[in-house]
Amino acid sequence: MYNPFDDICNLVNAAAKILGVDENAYAHIMKPEREITVSLPVKMDNGKQQVFDGFRIQHSCIRGPYKGGLRYHPNLDIENARALAAWMTFKCSLVDIPYGGGKGGIAVDPSQLSSGELERLTRAFIRALAPVIGPHVDIPAPDVNTDSKTMDIIVDEYSKIIGKPSPAVVTGKSVDNGGSIGRTEATGRGVAIITKEILAKNNQSIVGATVVIQGFGKVGYYAARILHEFGAKIIGISDIDGGYHNPAGIDIPNLDLTKTKRNISNEELLTLECDVLVPAALGNQITIKNAADIRAKIIVEGANGPVTGDADVILEKQGTTVVPDILANAGGVIVSYYEWLQNLENEKWTEARVNETLGNTMTAAFENVYQMHIDKSVPMRKAAYTISLQRLLG
């Protein structure tokens, strides 16, 4: 069975060889520092008690507090969470913010629970995690199927537990409850910025570039909207129910995908001919089975781990440029860092300041990765992990 954590370990080993580092120097970051599994009994609306499994993986705190999202998904397990936490470690290091990596969540299909059941589940989760999280210890954030409302509940429950207000315990809160303007769209905005940058390196303007986006959640929606604002032509987009393809371009500002007749499957969408493909749904989407069918010139990873290690090899051979997730989707954690700073310093940044600072950070990280890619003649993913590892080792 495919394990994304194995891919990460292989990349770290490859980065170490590029740096000429002995394995003893980095053995401590090849496994998480702490893995937490909790059982969460919740009283359901029908009066029965149901027990859910929750996880929090704290991969590394070498560079600062653990940082990473909480996802509510029926397929979440500890192996999946382990990989997601490691990605966060390398992502934070790559964009040079003072965080380590953490990740976790609950194995649950939130669509099957009422809002009251979800709130009780979230509060039970935070009561279980309270001893091992905190503004200077581990700072969760939204992820798949969680949002600012979830984070607001967490702040309320954690603050009750410790006996004082603690907005900095999570990021991704509503703006009225200490969240940052620009946080909701930050990951999608970062994807759009990186897409513009990689096209420029290929001597192509973002204006008129054809883009296909798999996934229309928070990341895919905002990436589509901002890319459209930049002048790109979105020719394909999808969600869990299927895709919509229009070679003439999709009117993103007026698109209601829930009311749009689907004319292509998610699998077919991935193989459309385009300048840029943005897989922004879940991981493990481009594999050894379909990599040879990919016709995009460039892949910008909006999701975590959408391209497997085996697929990377095939894509490299056929000349497809892959901009890795730890760079492309780092906008969310970058603006989470800004939110954390605002909470600790009791400040409120303007939207213009958030977006300008995000753009500068993303562009600087991109230039570092691209230069390493050129200097070492390695794919951008290996270049990104080489920079990350170098920083983690000091």
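Residue numbers count from 1 along this sequence.
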Should Tyr158 and Lys160 be marked as a side-chain contact (heavy atoms from CB on, under 4.5 Å) after you check the CA-CA gap, both sets of side-chain angles, and the distance that decides it?
CA-CA 5 Å; Tyr158 183 81; Lys160 288 178 181 176; over 6 Å; no
List the steps and the verdict of side-chain contact (heavy atoms from CB on, under 4.5 Å) for Phe366 and Ile198.
CA-CA 8 Å; Phe366 173 84; Ile198 190 61; 4.0 Å; yes
Evaluate the side-chain contact (heavy atoms from CB on, under 4.5 Å) criterion for residues Val42 and Met44: first the C-alpha distance (whole Å), next the side-chain angles of each, then the deciding distance (0.1 Å), finally the verdict.
CA-CA 6 Å; Val42 176; Met44 309 304 283; 4.1 Å; yes
Carefully, step by step, assess Asp143 and Tyr72 under the rule side chain to side chain donor-acceptor pair (under 3.5 Å).
CA-CA 8 Å; Asp143 200 84; Tyr72 292 0; over 6 Å; no
Determine, step by step, whether Asn329 and Thr187 satisfy the side chain to side chain donor-acceptor pair (under 3.5 Å) criterion, reporting the C-alpha distance in whole Å, the side-chain angles of both residues, the deciding distance to 0.1 Å, and the verdict.
CA-CA 5 Å; Asn329 68 25; Thr187 306; over 6 Å; no
Applying side-chain contact (heavy atoms from CB on, under 4.5 Å), run through His28 and Leu393 and close with a yes or a no.
CA-CA 10 Å; His28 59 293; Leu393 298 180; 4.1 Å; yes
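Taking hydrophobic clusters as Ile, Leu, Val, Met, Phe, Trp and Tyr residues chained together by side-chain heavy-atom distances below 4.5 Å, Ile235 does not share a cluster with Leu255. In the hydrophobic cluster analysis, where Ile, Leu, Val, Met, Phe, Trp and Tyr join through side-chain heavy atoms closer than 4.5 angstrom, Ile288 is grouped apart from Val313. Hydrophobic cluster membership is shared by Leu40 and Val170, with clusters built from Ile, Leu, Val, Met, Phe, Trp and Tyr side chains linked at under 4.5 angstrom. Note on Leu257 and Tyr222: same hydrophobic cluster, where clusters join Ile, Leu, Val, Met, Phe, Trp and Tyr whose side-chain heavy atoms are under 4.5 Å apart, directly or indirectly. Ile154 and Val333 fall into different hydrophobic clusters, where Ile, Leu, Val, Met, Phe, Trp and Tyr are joined by side-chain heavy atoms under 4.5 Å apart, directly or via other members.
In this structure, Ile314 CD1 and Glu316 CD are separated by 11.5 Å, a value rounded to the nearest 0.5 Å. Between the CZ atom in Arg127 and the CD atom in Glu157 there is a gap of 5.0 Å [rounded to 0.5 Å]. The CG atom of Leu11 sits 8.0 Å away from atom CD1 of Ile326, with the distance rounded to the nearest 0.5 Å. The distance from atom OG1 of Thr357 to atom OH of Tyr337, rounded to the nearest 0.5 Å, is 11.0 Å. Remark: Leu315 CG to Thr321 OG1 distance equals 10.0 Å, nearest 0.5 Å. Atom-to-atom distance recorded for Ile286:CD1 and Gln214:CD is 7.5 Å, nearest 0.5 angstrom.
By the 4.5 Å heavy-atom criterion applied to side chains, Asn290 and Glu267 are not counted as neighbours. Taking 4.5 Å as the limit, every side-chain heavy atom of Gln58 sits out of range of all side-chain heavy atoms of Glu35. Using a 4.5 Å heavy-atom threshold, the side chains of Ile57 and Pro32 count as touching. At least one side-chain heavy atom of His245 sits under 4.5 Å from a side-chain heavy atom of Leu272. Taking 4.5 Å as the limit, some side-chain heavy atom of Arg183 sits within range of a side-chain heavy atom of Ser336. A heavy-atom distance below 4.5 Å is not found between the side chains of Ile298 and Val322. Residues Ile18 and Val378 meet the side-chain proximity criterion, which asks for heavy atoms closer than 4.5 Å. Under the 4.5 Å side-chain criterion, counting only non-hydrogen atoms from C-beta, Thr287 is not in contact with Asp310.
Minimum interatomic distance between Ala328 and Glu301 (heavy atoms only, all atoms of both residues): CB-O, 3.3 Å. Shown here for Pro4 and Trp87, the closest heavy-atom pair between the two residues is CB-CH2, 3.7 Å. Nearest heavy atom pair, residue Asp152 against residue Ser174, reads OD2-OG, 2.7 Å. The two residues Arg56 and Lys67 come nearest to each other via the heavy atoms NH2-C, 4.3 Å. Nearest heavy atom pair, residue Gly243 against residue Ser238, reads CA-CB, 3.5 Å. Here the closest heavy-atom approach between residue Pro306 and residue Asp325 is recorded as CD-OD2, 4.3 Å.
Here the side chain of Asp7 pairs no donor or acceptor atom with the backbone of Thr308 at under 3.5 angstrom. Judged by distance alone, with hydrogens and angles left aside, the side-chain atoms of Ser148 form no donor-acceptor pair with the main-chain N or O of Gly172 at under 3.5 Å. No donor-acceptor distance shorter than 3.5 angstrom exists from the side chain of Thr363 to the backbone of Asn360, with no hydrogens or angles considered. Between the side chain of Gln342 and the main chain of Trp349, a donor-acceptor pair closer than 3.5 Å is present. Panel note: side chain Ser180, backbone Gly182; no donor-acceptor pair is recorded below 3.5 Å. Using a distance-only test at 3.5 Å, with no hydrogens or angles considered, no donor-acceptor pair links the side chain of Gln112 to the main chain of Asp109. Judged by distance alone, the side chain of Thr271 and the main-chain N or O of Glu268 form a donor-acceptor pair under 3.5 Å. Remark: side-chain polar atoms of Thr260 are paired, donor with acceptor, to backbone N or O of Asp256 under 3.5 angstrom. Under the 3.5 Å distance criterion, the side-chain polar atoms of Thr320 are left unmatched by any main-chain donor or acceptor of Lys297. With hydrogens and angles disregarded, a donor-acceptor distance shorter than 3.5 Å links the side chain of Lys173 to the backbone of Pro167.
Ion pairing of Lys218 with Asp147 is absent here, as no side-chain N (NZ or NE/NH1/NH2) approaches a carboxylate O to less than 4.0 Å. Between Asp239 and Arg262, at least one side-chain nitrogen of the basic residue sits less than 4.0 Å from a carboxylate oxygen of the acidic one, meeting the salt-bridge criterion. Between Lys233 and Asp275 there is no salt bridge, since no side-chain N of the basic residue sits under 4.0 Å from a carboxylate O of the acidic one. Salt bridge annotation for Lys201-Glu197: absent, with no cationic side-chain nitrogen under 4.0 angstrom from a carboxylate oxygen.
Checked against the 6.0 Å centroid threshold, Tyr99 and Tyr66 do not count as a close aromatic pair.
The residue from Leu129, Val169, Ile133, Ile36 that alone fulfils the side-chain contact (heavy atoms from CB on, under 4.5 Å) condition with Asp138 is Ile133.
Within a 6.0 Å sphere centred on NZ of Lys382, other residues, nucleotides and ligands contribute 12 heavy atoms or fewer. For Lys376, the NZ atom counts as loosely surrounded, since its 6.0 Å shell holds 12 or fewer non-hydrogen atoms of other residues, nucleotides or ligands. Within a 6.0 Å radius of CD in Glu347, more than 12 heavy atoms belonging to other residues, nucleotides or ligands are found. Residue Lys289 qualifies as open at atom NZ: its count of foreign heavy atoms under 6.0 Å is 12 or below. Few gaps surround CG on Asp251; more than 12 heavy atoms of other groups in view lie less than 6.0 Å from it.
Using bins of under 30°, 30° to 60° and over 60° for the plane-to-plane angle, the ring pair His59/Phe90 lands in the tilted bin.
For His373, the ring pair (Phe, Tyr, Trp, His ring centres under 6.0 Å) partners two or more places apart in sequence, or in a different chain, are Tyr370.
Donor-acceptor pairing under 3.5 Å is recorded for the side chains of Tyr338 and Thr361.
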